[in-house]
Asker: 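I'd like to ask you about the structure that follows.
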Amino acid sequence: QTTLTEAPVKVPTTEAPQDEALSKSVRDRLLAFKTEDLNSVKVVSSSGTVYLTGTVTSLNARQQAVKTAWTVPGVQSVVNALEVQK
């Protein structure tokens, strides 16, 4: 029996100014979302790739965070490293 282990995501630690702006846009969109608590989602961007990290309360919240990130202009890819609270 093989177990699938996900490699840890390398999240960038520094952001260029345009990446900071992109992260802020994604963060603002997540905070505006009222039906799921997405306040604890951390957003870091690098060259149009958005990294979502942190813990959310449900699978639904996890999916919503990803969907919401994709709605922001300039996002080229989304790396979902969100964990669902047990």
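Just so we're clear, the structure is a prediction, and the values are computed from it rather than from any experiment. If you read the sequence from its start, that first residue is 1, and numbering goes on from there.
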Asker: Nearest 0.5 Å, what's the CG-CZ distance between Asn80 and Arg62?
Answerer: 4.0 Å
Asker: Nearest 0.5 Å, please: how far is CG in Leu30 from CG in Leu52?
Answerer: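 The CG atom of Leu52 sits 6.5 Å away from the CG atom of Leu30.
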Asker: Check Ser47 against Asp19 and note the closest heavy-atom contact, atom names and distance.
Answerer: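 Closest approach of Ser47 to Asp19, heavy atoms only: N-OD1, 2.9 Å.
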Asker: Report the C-alpha separation of Leu31 and Leu38 in whole Å, then their side-chain angles, then the decisive distance to 0.1 Å, and conclude whether the side-chain contact (heavy atoms from CB on, under 4.5 Å) test is met.
Answerer: CA-CA 6 Å; Leu31 292 174; Leu38 302 176; over 6 Å; no
Asker: When rounded to the nearest 0.5 angstrom, what is the spacing between OG in Ser45 and NZ in Lys24?
Answerer: 12.5 Å
Asker: Given side chains that start at C-beta, do those of Val44 and Thr53 come closer than 4.5 Å, heavy atoms only?
Answerer: no
Asker: State, without any angle test, whether Thr55 and Ser40 hold a side-chain donor-acceptor pair at a distance under 3.5 Å.
Answerer: no
Asker: Minimum heavy-atom separation for Ser77 to Thr49, with atom names?
Answerer: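 So the minimum-distance heavy-atom pair works out to OG-OG1, 3.0 Å.
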Asker: Minimum heavy-atom separation for Ala61 and Val56, please, with both atom names.
Answerer: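 Of all heavy-atom pairs spanning Ala61 and Val56, the closest is CB-CB, 3.9 Å.
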Asker: Taking all non-hydrogen atoms of both residues, which atom of Val78 and which atom of Ala69 are closest, and how far apart?
Answerer: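 Looking at all heavy atoms of both residues, the shortest contact is CG2-CB, 4.0 Å.
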Asker: Could you state the interatomic distance from CG (Leu82) to NZ (Lys42), rounded to the nearest 0.5 Å?
Answerer: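 Reported to 0.5 Å precision, the distance equals 9.5 Å.
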Asker: Should Leu22 and Val75 be marked as a side-chain contact (heavy atoms from CB on, under 4.5 Å) after you check the CA-CA gap, both sets of side-chain angles, and the distance that decides it?
Answerer: CA-CA 7 Å; Leu22 186 60; Val75 172; 3.9 Å; yes
Asker: For Pro73 and Arg29, work out which heavy atoms get closest and say how close.
Answerer: CD-NH2, 4.1 Å
Asker: Under a 3.5 Å cutoff, is there a donor and acceptor pairing between the side chains of Ser46 and Glu15?
Answerer: no
Asker: Tell me the closest heavy-atom pair linking Val43 and Val50, and the distance in Å.
Answerer: CG1-CG1, 3.7 Å
